[in-house]
Amino acid sequence: MDNLAIARVLAEIGDLLEIKNENSFKIRAYRNAADSAAHSTQRLSDLTAAQRLAVPGIGKDLSAKIGELIETGVIAYHQELLREFPATILDLLHLQGVGPKTAALLYRELNIKNLDELERAIREGRLRAVKGLGPKKEAQILRAISERAQLAGRRLLAEASDAAEAIVFALRSDAPEATISIVGSLRRGCETTGDLDILAAGAPPSLMAAFTGYRLVERVLAHGERKSSVLLFGGLQADLRVAPRESLGAALQYFTGSKAHNIALRDRALQRGLKLNEYGVYRTDDDAAVAGADEDEIYRALGLAPIPPELREGRGEIQAAERDELPALVTRQHLRGDLHMHTTASDGRADLETMAQAALAVGHTYIAITDHSQSLAMANGLDERGALEHAARIRALNDRLDGITLLAGIECDIRPDGRMDLADDCLAALDIVIASVHSAFSQEPEQMTDRLLRALECPWVDILAHPTGRLLLKREGYRYDMDRVFDAAARYGVAVEINSKVDRLDLRDTHARLAKERGLKLVIDSDAHSAAGLEGLRWGVLVARRAWLTADDILNTRPIEQFRASLRRRRNTPSHSPTFTG
DNA sequence: GCCGTTTTCGGCCCGACTGTTTTCAGTCG
């Protein structure tokens, strides 16, 4: 049983308890544990009951319940709750305007158990007969039901960022004197997002109307002086908060989140005789303001080093800030090269020279050209001869270009049995080899683990590319024993990739952090299939930052000679490199 | 249900907006 499956059950218990109107802190405990399970880099099913206690948010009781789930497949307590409330009632909670109280009320008063029954009850006029519900609520719920599919979708970070930046741009023209910022999960660099959060400080009252009247607004969900919510065409929700200028820092902090981070921070404030809200830090005894305008000052007022937004996930950042041990996170400016890109030689849209010139233009001092290998027929993959001819062209161009070094590489498929898709002597004759899985994604975990371990044994594999193969919002990654594979990669000196393509971001943050803990080095690559694709590194950098990585953890922050020396082929065979004779 | 550098008991974050009200509960972030 994987962590996500465990997290789902715990979260569902939380939802059911909420409908049951249980103690809110108990509900939070289940949700915290669910979140903790979902983000843990350890497989909970591999841990003993005692080891599970070390996982934050899991105590004696939940450790036992998780153990029960792993061993029997169910938690009796969960089953009991499901006897009180049908599981389908939880669908009601996802409707805008329906929370646990309303869901319970609907079930109790009208025996409504699912969306269909709810819709029918409204159409038959039965809802407004319930005390506390009225015609407005009916209309709101009906709309929510019809838009449910549309609203359910989360969006990729890049898409949501574009939409948010367009809104900020429009608002700035309406209120040039205001400070307008993107906050929320976008500012933290989360890989997908459900809504856009925007903060304006020092803005005139007219800004709210400009926001609700923005050209892409389909419907206004809420409209107040300080807070408004809108639904954009296409289904994204956007929220605008307006804060006094003297509260800019506190508002930035508050609306950036995450929720877990903020709760911990406010708890810390209380322990120090302070109160933290979106307006500032105040002394509890006399309400005197201690900080507010500057975000860094909020953290300092609480005895903490300022914490970068990407780390604010409640994963140890507050303890690290307290000890002044926050990592100096890698930045886009640290990157000197890019080791994964395609040209028209396989499935890229730009030719070799165009890609090289584009790389020069974005400031790279080295790149690797890594077209696909033969198995990927639909991507026009190269066989040995094709790969070597391509390498010759890359080297010829390299001789002509100043200011950038081109490495002749390949993105070599790892075949289902773990063999590499091209012969060893061909791989040896290249400057760099990145290996990746593009087929047979659904192998059993044991088989996939063996496959990857075998691939890593090939001495010419330098980098394991997009190591889980996931596609965000589309496909889960393939499953394997990551600990064993990472340990083998560390032993061989193989680096793992953070692939910056917006629908991959693979490795993800928690896995990249695990890789570092396992002693691995990483690279951040664009996997560009066009000149414009080279710009994508910014997204991979966000992932690396969320993984607590520094420039030292990332090989392509190094100058070219140091970079090449750190590749596995150089580390393991310092004195000679075989040449291809066939 | 979790958690502990004042605690193994008694805490556990906070404010804005809406819709139903007759002074406020529910939802949301």
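Protein chains get the first letters and strands the later ones, always in sequence-line order, with residue 1 at the start of each.
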| A:Ser229 side chain N/O closer than 4.0 Å to the phosphate oxygens (OP1, OP2) of B:dG29? | no
| query | Counting any heavy atom closer than 4.0 Å, what does A:Tyr30 reach on the DNA or RNA strands: base, sugar-phosphate only, or nothing? | reply | sugar-phosphate
| B/S/- contact track for nucleotides 18-23 of chain B, protein heavy atom under 4.0 Å | SSS---
| query | Of all heavy-atom pairs between A:Glu218 and A:Phe233, which one has the smallest distance, and what is that distance? | reply | CG-CE2, 3.5 Å
| Euclidean distance for C1', B:dG10 against B:dA16 (whole angstrom) | 30 Å
| For residues A:His334 and A:Thr331, is any side-chain donor paired with an opposing acceptor at under 3.5 Å? | yes
| Assigned partner base of B:dT8, Watson-Crick or wobble definition, under 3.5 Å | none
| So what does A:Leu17 touch, heavy atoms closer than 4.0 Å: a base, only the sugar-phosphate, or nothing? | nothing
| Which nucleotide in the set B:dA16, B:dC2, B:dG29 lies at the smallest distance from any side-chain heavy atom of A:Leu62? | B:dC2
| said: Considering every strand and a 4.0 Å limit on heavy-atom distances, what is the contact class for A:Leu265: base, sugar-phosphate, or nothing? | reply: nothing
With the criterion being N/O to N/O and under 3.5 Å, what pairs connect the protein with nucleotides 7-12 of chain B, and how long is each?
none

| message | Please give the distance between the P atoms of B:dT21 and B:dG26 as a whole number of Å. | response | 13 Å
| base_contact_polar (B:dG1 base, A:Tyr77 side chain, donor-acceptor, <3.5 Å) | no
